[in-house]
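Just so it is clear, the model here is predicted, and its values are computed rather than measured. Sequential numbering from 1 along the given sequence is applied to the chain's residues.
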Amino acid sequence: MGVIRNITVYLFFLTCFTFTTHAQETPQVHKINGSKYYLHVVEPGNTLYGISRLYNVTIDEVMGSNPIVGDEGLKVNQTLLIPVTGDNKKSLGGLVEETDEYITHAVQPKETLYAISKKYAISLDALLNANPQIREEGLKADSQVRIPVAKVEQEQQEFIQSAKLDSLEAHIVEKGQTLYSISKQYHVSIEDLKGANAGLTTNLNEGMAIRIPGRLVVLPEQESQDTQKLADMVLTHVPDAASIVRIGLLLPVQPTFPDSSNRHDFQISEAQRVSLGFYRGFVHAVDSLASKNNVKFEVKLINSGEDTAMIQSLIEQGAFDNIDIAVGPFYTDQFVTVAGYLKQKGVPAICPIPKPSKILFGKPNAIKTTPSESMQLDAIAEFLAANYRDSTVVVVNSNKLPDQDAVEFFKSRYAVAMHVPDTFISDAVREVKLWDITRETLTMRFRDSGSYTLVVPTTNKVFVTKFLSELYNFQYETEGMYRFRVIGLEDWQKYDTDLEIQQLHDLRVTIPITGYLDFTDYRVNAYYKQYKQRYGYEPTRFTLMGFDLAHYLITQMAFNREDWFKTPEEFQFQGILMDFHFHRVMPQSGIENQSVELYEYNGFKLKPFAKWPVQKSK
């Protein structure tokens, strides 16, 4: 049994799955978020009913502590939290073995036949018929009693379905292991690990099973499909080449009217303003470019509201039944619901605004056009490895707990880009920890003069402000002995009103920005001029985002329609505001744009510095 003995996970086909344990042994108690739990690793053949009997808890208690079971069902390799109660604190439930036909129960001291029948929701007659020896010998402690699964009362039947096999490899956490060490072992990001394991935190417990994204295990029913392309299994909806492409724009566009007596007294939220700008840009591209490329688009604007209840209502109304591509919704839970629904139809769902990468997991039809923070750090690591090999690259650790995952992730990705083994990461990139930022600490950390590229993966405004100020003073006072380039995160844009422009310029502060309006770019200026002439008002940044996405889709429908629906990650695009260079995070999940543009403060303003990866036309 997973949590009671050393764990071995088997992922092969058995004609009859079983799990066994010794009822007398007590598993280790773990304190998680202030509560005490046993950890149970789900094995082939396990059922919710059997697990509840094993730990002497109710099914509701198991499901209440593990909401993922209610959402996705019981799966092999899940780690369940089993609450420690007064009933199971000293001894467990007595279950010894479970198969598809019988549950074997070890009789506890002073336990009665009536108590066993109540525990397993079975009648006394059914219990006696399955165990005729009891009529002759009576019930004895330490003897074993068979519980016929088919005789379990009707209300428990739904909980005796065996756990589904998992298609991802499982890693059993060993003593002392961390998310960082596991991510290094399997060459995946910490963010991807969290996405593949709902509810996973940085606090790991020995014996837990963690699903490894990208490490597939072939299940019996998949063996005949080994040679089949992933694309053929996940994105199968391809509109006819001559047909109209029907696009559903799922946007929160309905304004509110606080005073129903005055139709002019309406309010538009910030989300609605973003949606309106995006919609205008999208329609502008369709109106001006589709016919030139011999593409016919039918754009259907669907008010998605702001909650999942609205989405469920739209699904029930069949609002998504006749669309070829969905764009939106903008809210995370809404998008996950829509992408999950369209997955079974093979219809792509595109998320056009910044959202966490977890929205892609388990949804191979999902497309995310804005790179996440981890994708940006990955791109920075690859860019520096390719272009700054002669510079001293240093990662600055703020020692703030929320920043540790980002620090470790950058170090691991930089080591991979430099082709350095995991065991020598410290040789690939130097880490500087700054508890206190003063002239003295900087002198100690940077003893050798020269040129440094400092990667500072933090969004802590206080740290960023103080670090740049002290580093600027240090560079100025040492009179040319040091030359720094500081690479930060996209959120630093929000702080520039609190930062000295001279510091940003002299430290060559460089940050990744998604969709930056660079008015020195002639394409941006030309678009602004044409748009204003046509509509009488200026576009917003989100207008250009909508235009670029529609332009991208028009191009793919004109030249790569069939192939794009099967493998959209193979096609790149250069837009006015954004470039698209997609990457599939793992085989059974969606794709994410990994194109990152870096801007540096130069001449006291933000200017383009570099793009990564380098775009190649297909």
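Here salt bridge (charged side-chain N to carboxylate O under 4.0 Å, His left out) pairs that include residues 291-305, with residues two or more places apart or in two chains, number zero.
Shown here are the salt bridge (Lys or Arg N to Asp or Glu O under 4.0 Å) partners of Asp307, two or more places apart in sequence or in another chain: there are none.
Side-chain contact between Arg280 and Tyr537 is present, with heavy atoms from C-beta onward closer than 4.5 Å. When side chains are defined from C-beta on, Val464 counts as touching Thr458, because their heavy atoms get closer than 4.5 Å.
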Exercise. Can you check side-chain hydrogen bond (donor to acceptor under 3.5 Å, both in side chains) on Glu61 and Ser65, steps first, answer last?
Worked result: CA-CA 6 Å; Glu61 287 175 316; Ser65 299; over 6 Å; no
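Of the residues Leu577, Leu544, Ile576, the one that meets the side-chain contact (heavy atoms from CB on, under 4.5 Å) test with Arg523 is Ile576. For the side chain to side chain donor-acceptor pair (under 3.5 Å) with Asp579, the qualifying choice from Gln594, Gln572, Lys611 is Lys611, the only one to do so.
Aromatic pair Phe519/Tyr528: ring centres closer than 6.0 Å. Checked against the 6.0 Å centroid threshold, Phe571 and Phe559 do not count as a close aromatic pair.
The shortest non-hydrogen separation linking Thr369 to Pro371 is O-CD, 4.0 Å. Closest of all the heavy-atom pairs between Phe330 and Lys355 is O-CE, 2.7 Å.
Atom OH of Tyr279 sits in a sparse spot, with 12 or fewer heavy atoms from other residues, nucleotides or ligands closer than 6.0 Å.
Thr308 and Gln312 form no side-chain donor-acceptor contact under 3.5 Å, judged by distance and modelled atom types alone.
Ring-plane geometry between Phe547 and His284 is classed as tilted, the angle between the planes lying from 30 to 60 degrees on a 0 to 90 degree scale.
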